[in-house]
Colleague: 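Can you read through this structure? Questions will come right after.
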Amino acid sequence: MKKIEAIIKPFKVDAVKDALIEIGIEGMTTLEVKGFGRQKGHTEVYRGSEYTVDFVPKTMFIVVVAEDQLDAALKAIVTTSKTGSIGDGKVFISTIDEVIRIRTEESGGKAI
Ligand SMILES: Nc1ncnc2c1ncn2[C@@H]1O[C@H](COP(=O)(O)OP(=O)(O)OP(=O)(O)O)[C@@H](O)[C@H]1O
Ligand SMILES: [Mg+2]
């Protein structure tokens, strides 16, 4: 099982949600977050900006998927989120050891 943490532009949230549902993803979490990347929150890099760093609002999706869903989920997220502009976001992928559905106490892949 894999965990996808995708930090994207907030106006893309609905489109990403729809794209994930379209490929059969059934559960997901979003968080309103603030961050910056290599432009340090500036919309362009300009002389004298190096001492000011601004957090920019972003939305983070957390999606845990079976390994055979990973490529499709990543493709859905990346192609839907991409505008080609700076700040489009970033995706982090990690391995999940275990999942438990509390109601049924199912675990592993069938609990996703
Ligand atoms: N190394 C990182 N660790 C944790 N969060 C990050 C990291 N890099 C970026 N982020 C998060 O992702 C958001 C979007 O990053 P962003 O797309 O600006 O990355 P970038 O590397 O600057 O790429 P670009 O040049 O396309 O803007 C940031 O606002 C921040 O929340
Ligand atoms: Mg950036």
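Both counts, for ligands and for their atoms, begin at 1 and track the order of listing.
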Colleague: Atom 27 (O) of ligand 1: which of Gly37, Gly87, Ser81 has the nearest heavy atom?
Modeller: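 It is Gly87 whose heavy atom sits nearest to atom 27 (O) of ligand 1.
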Colleague: Side chain or backbone of Ile7 under 4.0 Å from ligand 1, or both, or neither, by non-hydrogen atoms?
Modeller: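 Looking at Ile7 and ligand 1, just side chain atoms fall under 4.0 Å.
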Colleague: Would you check if Phe92 and Ile7 make a side-chain contact, meaning some heavy-atom pair closer than 4.5 Å?
Modeller: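 A side-chain contact exists here, since the closest heavy-atom pair is under 4.5 Å.
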Colleague: Taking distance alone, with N or O pairs closer than 3.5 Å, would you say Val56 contacts ligand 1?
Modeller: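 In this structure, Val56 places no N or O atom under 3.5 Å from an N or O of ligand 1.
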Colleague: Need the ligand 1 atom indices (1-based, order shown) with element for anything under 4.0 Å from a heavy-atom of Lys58.
Modeller: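 Listed by number with element: 29 (O).
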Colleague: Can you tell me which portion of Val33 lies within the under-4.0 Å heavy-atom range of ligand 1? Options are side chain, backbone, both, or neither.
Modeller: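 Looking at Val33 and ligand 1, no heavy atom falls under 4.0 Å.
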Colleague: When only distance counts, is Ser85 in polar contact with ligand 1, meaning an N/O pair under 3.5 Å?
Modeller: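 No, there is no polar N/O contact under 3.5 Å.
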Colleague: Can you tell me how far CD of Gln69 sits from CD1 of Ile23, rounded to the nearest 0.5 angstrom?
Modeller: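 Here the rounded value is 7.0 Å.
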Colleague: For ligand 1, find out whether one of its N or O atoms is nearer than 3.5 Å to an N or O atom of Lys90.
Modeller: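 Lys90 vs ligand 1: N/O contact under 3.5 Å present.
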Colleague: Taking the side chain as C-beta and beyond, is there a heavy-atom pair between Lys58 and Lys9 under 4.5 Å?
Modeller: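 When only atoms from C-beta onward are counted, Lys9 and Lys58 do touch, with a gap below 4.5 Å.
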Colleague: Can you tell me how far the CD1 atom of Ile112 sits from the CE atom of Met1, to the nearest 0.5 Å?
Modeller: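 Answer for the CD1-CE pair, Ile112 versus Met1, is 5.5 Å.
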Colleague: Answer yes or no: does an N/O atom from Gln39 fall short of 3.5 Å to an N/O atom of ligand 1?
Modeller: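 Yes: some nitrogen or oxygen of Gln39 is under 3.5 Å from one in ligand 1.
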Colleague: Any side-chain heavy atom of Phe61 sitting closer than 4.5 Å to one from Val91?
Modeller: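 Not touching, per the 4.5 Å side-chain cut-off.
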Colleague: Going by distance alone, is a donor N or O of one side chain under 3.5 Å from an acceptor N or O of the other, for Thr95 and Lys2?
Modeller: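 Yes, because at least one side-chain N or O of Thr95 sits under 3.5 Å from a partner of the opposite role on Lys2.
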Colleague: Can Phe92 be said to touch ligand 1, with heavy atoms closer than 4.0 Å?
Modeller: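 Contact present.
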Colleague: Which ligand 1 atoms are under 4.0 Å away from a heavy-atom of Gly35?
Modeller: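 Those atoms are 28 (C), 29 (O), 30 (C), 31 (O).
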Colleague: Show the numbers, then the answer: is there a side chain to side chain contact (heavy atoms under 4.5 Å, CB included) between Lys12 and Thr59?
Modeller: CA-CA 9 Å; Lys12 287 288 191 177; Thr59 300; over 6 Å; no
